[in-house]
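Before any comments, here is the structure.
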Protein chains: 2
Amino acid sequence: MSDNRTGTAGGRAATLSDVAKIAGVSLATASKAINGRGEVAAATRQRVLEAAKKISFTPNELARSLINGRTGTVGLLTSDLEGRFVIPILMGAEDAFGAGQVNVFLCDARGDAIREQHHLNALLTRRVDGIIVVGRSTDPRPSLGHNIPVPVVYAYAPSEDPTDVSITPDNRAGGRLAVEHLVACGRSKIAMITGEAVYAAAQDRADGVMDALGDAGLELVGRPMFSEWSEHWGRDASAMLFRQFPDIDGVVAGSDQIARGVLDTMRDLGREVPHDVAVVSFDNWEILATNSRPELTSIDANLQQLGRMAATRIFDAIDGTAVAPGVEHLPGRLVIRGSTIARR
Amino acid sequence: MSDNRTGTAGGRAATLSDVAKIAGVSLATASKAINGRGEVAAATRQRVLEAAKKISFTPNELARSLINGRTGTVGLLTSDLEGRFVIPILMGAEDAFGAGQVNVFLCDARGDAIREQHHLNALLTRRVDGIIVVGRSTDPRPSLGHNIPVPVVYAYAPSEDPTDVSITPDNRAGGRLAVEHLVACGRSKIAMITGEAVYAAAQDRADGVMDALGDAGLELVGRPMFSEWSEHWGRDASAMLFRQFPDIDGVVAGSDQIARGVLDTMRDLGREVPHDVAVVSFDNWEILATNSRPELTSIDANLQQLGRMAATRIFDAIDGTAVAPGVEHLPGRLVIRGSTIARR
DNA sequence: CTGTTAGCGCATTCAA
DNA sequence: TTGAATGCGCTAACAG
């Protein structure tokens with residue numbers, strides 16, 4: 001019984017030559033039998049497979065990789081401490097790769113360039129087939145450079161270098177989407193409360209909002225209000241805003257957190273959502289969006305799809321398929337809930 | 001210029017024999033020079049290092065691993081979709097391993113046993129040095145068995161098999177901690193609202209609460225209220241509870257989400273927190289805990305430390321140090337904020 | 001159909 | 001101090 005309770009490795013792992021010996025065949029035949037390659041007599045194959053099972057043989061992927069030059073591994077290099085973006089992206093990538101086909105090294109650089117370089121070296125040393133770099137905002141980040149011998153794709157945060165391959169959410173389109181939905185809900189006095197102006201996400205969403213308002217022949221009520229990405233700011237900003245412009249009937253919030261703050265203030269002010277005021281936000285972070293009163297209509301960045309696309313780009317590059325450099329913008333999708341349309 | 005804009009691998013990666021050739025030494029000498037092993041003349045070493053830098057040689061870790069039997073990689077096998085638990089644990093593990101020393105394969109089984117098995121096989125095939133299994137609740141989970149040739153540690157969700165090595169939060173102690181704090185805050189009419197009774201976390205926390213109340217000579221007001229782990233339930237349950245027992249002055253909430261719901265209802269009922277009612281919760285999920293009015297006093301499960309400990313256990317087992325089997329309970333820590341003690 | 005041979009990139013004897 | 005030879009576990013030519 002090969003039971004090792006402590007979990008410590010007991011003895012050598014079985015090798016292919018062990019299998020071959022037991023099955024009474026040569027190494028090469030055993031290899032072919034196990035991999036279904038070459039012409040092997042059915043009976044022989046059977047013997048080999050049984051022998052393999054008997055000693056619970058697991059092929060050593062390291063040796064295989066050494067030969068064919070591919071490891072079937074990909075590095076995910078991130079600085080997204082909270083894992084809010086990286087996890088959906090990771091899941092998307094796993095989907096695209098196929099479970100168990102490709103494995104992902106997850107490295108957290110914690111926003112530290114030195115640590116990032118360490119991790120990058122470690123990944124290259126382990127001969128990953130490709131690298132996905134996931135930032136924690138949609139602001140462009142420094143490129144890893146072009147001296148990397150494997151394909152690199154930047155996800156969420158695009159690279160500053162336009163000759164790199166980047167995929168990032170289309171926040172501008174998202175801003176449009178938000179306004180178009182509010183307008184479709186019959187709103188015309190629309191205000192915007194969002195995060196810090198230094199973030200590209202805040203700017204882009206605001207730009208999209210202005211575009212769509214213009215197209216609808218409307219004007220924003222007041223000016224876009226930029227500050228913290230927090231519930232506190234959502235509460236404070238909406239209080240100020242409604243004091244100044246009591247007839248606002250629609251709010252675009254830069255994040256679900258801000259929207260939660262807005263809802264709080266609406267409750268305090270006795271404004272009913274969505275009847276008096278409709279609220280749309282960004283991120284569709286379920287934990288926030290589906291637990292509020294009412295639940296939040298929010299724009300989902302499709303991060304999982306973003307992960308899938310990044311993985312696909314990596315594959316294409318590995319296979320030699322040309323991958324167009326530049327920044328690709330992935331549109332979000334509107335998830336409608338009670339903050340814009342009341343349940344019947 | 002070794003610039004490859006498309007990111008596709010250009011040509012072969014440099015090998016040690018390339019370096020040796022350029023430096024005009026043998027393979028063996030080059031190896032020794034690069035690894036600082038054996039006696040190599042200073043001048044020779046210099047030449048080798050320069051040659052290596054010149055062609056940006058990166059040692060192939062696969063080949064090394066093949067030789068010394070260790071890959072310097074660890075698998076993190078999880079079913080924690082949202083990444084709420086797994087990320088801190090991953091970070092702790094990375095800390096313990098040392099950045100760049102050990103790399104972590106993150107695999108998400110999505111609660112599917114088949115997929116888990118696939119991933120497990122893939123990890124073993126890649127010859128990880130150890131495996132950390134991270135569950136999504138503190139309920140015991142099936143063991144992976146003892147036919148695994150590398151050390152396995154179960155984190156967060158312990159293994160059902162007592163001969164495995166598991167580390168899990170001490171929820172019972174957490175429950176005690178919550179009550180002791182409320183009592184220290186001068187509360188004596190304490191109620192509990194928590195998640196689904198089928199969860200060990202709900203039960204254990206409730207047990208700890210009862211223990212501590214008993215020790216303090218107090219009784220719980222009403223019975224522990226078990227249902228969803230949601231804000232909705234927090235709101236509804238506290239409304240019911242306060243209607244029945246208007247003199248409650250302290251609430252233990254089973255999660256930050258539930259606590260948020262409680263705060264909402266307190267506001268609706270015109271009860272001031274923490275003056276009239278103090279609220280303690282579990283998880284210390286910052287996004288929820290630090291954005292409420294007031295901020296939440298919450299019990300942090302010390303997940304990062306849990307990750308570090310899991311990694312340490314793996315190391316010990318690899319090194320042959322005996323690791324005591326069984327379930328280790330890691331105490332949480334109380335993070336005090338405005339929901340129990342008002343800011344001055 | 002099966003077995004022999006030659007590496008993949010590297011670390012490590014052991015001679016020289 | 002250096003180098004030639006051996007092998008880690010496996011696959012891919014080839015030859016039998």
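The figures that follow rest on heavy atoms only: side chains count, while hydrogens, waters and symmetry mates do not. By convention in this document, chain letters (A, B, ...) are assigned in the order of the sequence lines, proteins followed by strands, and residues within each chain are numbered from 1.
With A:Asp18 contributing its side chain and A:Thr15 its backbone, the two residues share a donor-acceptor pair below 3.5 Å. Judged purely by atom type and a 3.5 angstrom limit, A:Tyr154 has no side-chain atom pairing as donor or acceptor with the backbone of A:Arg141.
Of the side-chain N and O atoms in A:Thr29, none sit less than 4.0 angstrom from OP1 or OP2 of C:dT2. Contact annotation: B:Thr44 reaches the phosphate of D:dT2 (side-chain N/O to OP1 or OP2, under 4.0 Å).
D:dC10 atom C1' lies 11 Å from atom CZ of A:Arg37, rounded to whole Å. To the nearest angstrom, P of D:dT1 lies 11 Å from NZ of B:Lys32. A:Arg45 has its CZ atom 13 Å from the C1' atom of C:dT2, to the nearest Å. For the pair B:Asn35 CG and C:dG9 C1', the computed distance is 12 Å after rounding to whole Å. Look at CD on A:Glu39: it is 16 Å from C1' on D:dG16, rounded to the nearest Å. In this structure, the CG atom of A:Leu16 is 18 Å from the P atom of D:dG7, given to the nearest Å.
DNA chain D is contacted by B:Leu66, B:Ile67 of residues 58-69 of chain B, taking any non-hydrogen atom closer than 4.0 Å. The stretch residues 20-28 of chain A touches DNA chain D through A:Leu27, A:Ala28, each having a heavy atom within less than 4.0 Å of the strand.
At the heavy-atom level, A:Thr15 lies under 4.0 Å from the strands shown only through sugar-phosphate atoms.
Side chains of A:Thr78 and A:Asp80: a donor-acceptor N/O pair is absent below 3.5 angstrom, by distance only. Judged purely by distance below 3.5 Å, without hydrogens or angles, the side chains of A:Asn121 and A:Arg126 never pair a donor atom with an acceptor atom. B:Arg308 and B:Asn302 share no donor-acceptor pair across their side chains, judged by distance under 3.5 Å alone.
Residue A:Arg313 forms a side-chain contact (heavy atoms from CB on, under 4.5 Å) with just one option from A:Ile132, A:Thr321, A:Ile318, A:Ile167, and that option is A:Ile167.
Taking the side chain as every heavy atom from C-beta outward, B:Leu120 and B:Gln117 approach each other to under 4.5 Å.
With D:dT1, D:dA12, C:dC10 as the candidates, the nucleotide lying closest to the side chain of B:Phe57 is C:dC10.
A perpendicular orientation is assigned to the rings of A:Phe315 and A:Phe97, their planes being inclined by more than 60° (bins at 30° and 60°).
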### Task
Verify side chain to side chain donor-acceptor pair (under 3.5 Å) between B:Asp161 and B:Thr163, making sure each step is shown before the conclusion.
CA-CA 5 Å; B:Asp161 183 336; B:Thr163 64; 2.6 Å; yes
